Amino acid sequence: MNRARCLVLNAALGPLDYRVPAGLDVPLGAVVACPLGPREVLGIVWEADRLPGAEVPEAKLRPLSGVLPVPPLKASLRRLIEWTADYYCAPLAAVARMTLASGGALRGPATMTEYRLSGGLPERMTPQREHAIAALEGEQATIRELAAIAGVSEGVLRGLVNQGVLEPVVVDCDRPYPPADPDHAAPHLSPDQHAVAARLVEAVGAGEFAPFLLDGVTGSGKTETYFEPVAAALRAGRQVLVLLPEIALTENFLRRFADRFGAPPVVWHSSLKSTERRRAWRAIAGGGAQVVVGARSALFLPYADLGLIVVDEAHEVSFKQDDGVRYNARDVAVMRARFESVPVILASATPALESLQMAESGTYEKLDLPARFGGATLPDIALIDLTQERPERGRWLAPSLVAAMGERLARGEQVLLFLNRRGYAPLTLCRNCGYRFQCPNCSAWLVEHRFSRRLACHHCGHETPPPATCPECGEPDCLVACGPGVERIADEVAELFPDARQALVTSDTLGAPDRAAEFVAAAEAGAVDVIIGTQLVTKGFHFPELTLVGVVDADLGLEGGDLRAAERTYQQIAQVAGRAGRGTKPGAVLIQTRHPDAPVIAALAAGDRDAFYAAETEARRHAGAPPFGRWAAIIVSSEDEAEARDAARAIGGARPELPDVAILGPAPAPLSLLRGRYRYRLLVNARRSEPLQDIIRQWLGALHLPASVRVSIDIDPYNFV
Ligand code: ADP
Ligand code: ZN
């Protein structure tokens, strides 16, 4: 081949052809440097017949600049990239970029310099130097990392380097990870667990595409069970990918994994340092990373030899990405397993209706763990009807919930209060003139965060300190907080139970993995009495002393822009309820609601999952909603309101008239201003049999809109904000 077609990683460009210089080996999938004008861009060599481009005559081709020192992307990954771009109506380049997600790794092997104490002492000892030397005992890291560890400036450490007190050590950036041992500490499985594990191990051995829905109640030991097929893949020398919905959960998982396999897995998420990222990427591509645990972005990495994929808490909405390429990692995971010819396990106690439907139709094989491990029982669930039993004025916890908390705390047990709202209060207004604090960039209220003394927008990150006077009428000390957030509940608990030790668990307090580890350690050690948290506390955690869960506002999830609001509410509350009574002491759950008769709330109270799913299935069937019909959202935005509206109208005006496709809108989006852009939406609802993506591509492709208008397509959308 003396000509190579390249997918260049720039969404504005089509595929480009290059000449392959003599002597350069350029296999399909090779990552190459492509000259483009005076610059160079990254490209991936692709099958020319799968990537139609303009035929440029041989004589006009420019030569490739070189091949990067990384393994070529395998055909299975190229097919996944194509499928994802096609299904989600995204540029191929944007999808491909997710596989090459470490600039450093692409430059090949590298070393870096770390420092450690040499044992020598400085000529002149200062208090800072003394402190640093004591703090750095046994540490080896870069100067910047050591400065953070010791809590001194980098300058202090450079001084110690000059004096020979810290000595340089050259390390390989890509040093191997400690090996996981499949036989390190195999648990004794219950008969149910064993049966499920055996089936999964068999599937790993078969080495074929096989999708499983692992449906096990909370506390049934799904993790222990799917660790067995993980062990089987390790024994076979193949790689495993485990997708988790939140980084905050990873810490807990890492420890369990290390207990079982004797070494931690390789971690992948968006807040890795660039050195960790390149090391992980190269180990993944080179095959040295045996088990990778990651957020959704780990899905597109170039695994050398994938043998199994696990999607844990597979019902979680955080697997859906809502910017850039709008994909659902759960669904793409199944496609990746198909292209790689390996099994994929979707594990959940509250599977998505779509997943259950796939199991029912026989597309997925369903494996059940119907009972909690070790004889623990599922908790008792009761409702508190807030229309009958009102909390005191200015309070949010009903008397019977407060009484139940008092009983548990007196017995030394733990209580968990769940409210899916960060901050102190969702709305702040002026008592004098009624002025409401709104984000300047978004059509959203500013949320008061009292602990960090700021008003914050949860959509764009805009922040401002609470003003001393009302910006509208100038009245001093006039701000009133409306409604509760978790911080306000924490205040209420502190007043009610001044001796109870609290932990507030939200993305504000637990964003970083080490903070999450601290919380878990404290809760396990019994150093926490009341946990107050957002959806972050609903899943994954296992605290045996936790015996009471209070749901502060079960109706909250039923408002707002979630297209699957009832299902989401069911899942969240069932999951948080699943935190109660996981040890030997039985658990109880109290759910505060203003709508005890709403089908989802009644089903939760009755513990009747099947009834809920049956009712929800019928409602979806009736509405032509997923999984019975398909949705796509089209979001039109511009910094200019009139331009956004006109573009949305032009799109609406050109809508195709098709018998099995309904198109709603355009209408201003519920979040009609977001990050300074005005937004309009259309919702497309089609029969399953309709080629939804082709219809949308044809429809939008024929329009010419101003360059300042952005049109995003959201296939299988989750939210409607
Ligand atoms: P799930 O994810 O299904 O809610 P977990 O995997 O968290 O459940 O398991 C619940 C608890 O039971 C965990 O502490 C786990 O370590 C323990 N467990 C489950 N199965 C076993 C087993 N076979 N042997 C020992 N401990 C187990
Ligand atoms: Zn905002």
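Only a predicted model underlies this, so the values are computations on that prediction, with no experimental measurement involved. Any value given below was found using the heavy atoms of this structure, including those in side chains, with hydrogens, waters and symmetry copies removed. Residue numbers count from 1 along this sequence. Start at 1 and go down the list; that is how both ligands and their atoms are numbered.
In this structure, K320 pairs ionically with D714, as a charged nitrogen and a carboxylate oxygen lie closer than 4.0 Å. Look at E224 and R256 and you find a salt bridge, because one of the NZ, NE, NH1 or NH2 atoms lies within 4.0 Å of a carboxylate O, short of that distance. The pair R609-D215 counts as a salt bridge, with a side-chain nitrogen and a carboxylate oxygen less than 4.0 angstrom apart. Under a 4.0 Å N-O distance rule, the pair E487/R450 does not qualify as a salt bridge. Taking 4.0 Å as the cut-off between side-chain N and carboxylate O, R260 and E228 count as a salt-bridged pair. Under the 4.0 Å criterion applied to side-chain N and carboxylate O atoms, D183 and R235 are assigned as salt-bridge partners.
Of the heavy atoms in T225, none comes closer than 4.0 Å to ligand 1.
The nearest protein atom to atom 6 (O) of ligand 1, hydrogens excluded, is given as R256 NH2, 2.8 Å; this is a heavy-atom distance. With respect to atom 20 (N) of ligand 1, the closest heavy atom belonging to the protein is Q193 NE2, 2.9 Å. Closest to atom 22 (C) of ligand 1, if we only count protein heavy atoms, is F373 CZ, 3.2 Å. Of all protein heavy atoms, the one closest to atom 16 (O) of ligand 1 is E224 OE2, 3.0 Å. The single protein non-hydrogen atom nearest to atom 2 (O) of ligand 1 is T223 OG1, 3.7 Å, given as residue, atom name and distance.
Residue pairs meeting the side-chain hydrogen bond (donor to acceptor under 3.5 Å, both in side chains) criterion with at least one member in residues 369-382, sequence neighbours excluded: T218-R372.
Backbone and side-chain nitrogen or oxygen atoms of H542 are examined, and one is located within less than 3.5 angstrom of a nitrogen or oxygen of ligand 1. For ligand 1, the polar-atom distance check against T218 finds no nitrogen or oxygen pair separated by under 3.5 Å. For ligand 1, the polar-atom distance check against S220 finds a nitrogen or oxygen pair separated by under 3.5 Å. Looking at G221 next to ligand 1, an N or O pair under 3.5 Å apart turns up.
Looking at K222, E228, H188 and measuring to atom 3 (O) of ligand 1, the nearest heavy atom belongs to K222. Atom 1 (P) of ligand 1 has its nearest heavy-atom neighbour, among G374, G219, A376, in G219.
Atoms of the protein (N, O or S only) found under 2.8 Å from the Zn ion (ligand 2) are C439 SG, C442 SG, C457 SG, C460 SG.
Under the 4.0 angstrom criterion for non-hydrogen atoms, R582 is in contact with ligand 1.
Using the six-membered ring where Trp is involved, H458 and H449 have ring planes that are perpendicular, over 60° apart on the 30 and 60° scheme.
Taking the ring centroids of Y424 and F451, they lie at or beyond the 6.0 Å cut-off.
In this structure a side-chain-to-backbone donor-acceptor pair under 3.5 Å is present from R579 to Q575. E567 contributes no side-chain N or O that, together with a main-chain N or O of E616, makes up a donor-acceptor pair within less than 3.5 Å. Under the 3.5 Å distance criterion, the side-chain polar atoms of Q193 are matched with a main-chain donor or acceptor of S220.
Those atoms of ligand 1 that come under 4.0 Å of a heavy atom in L189, given as number and element, are 23 (N). The V217 neighbourhood of ligand 1 comprises atoms 3 (O), with distances under 4.0 Å to a heavy atom of that residue.
W445 and T428 form no side-chain donor-acceptor contact under 3.5 Å, judged by distance and modelled atom types alone.
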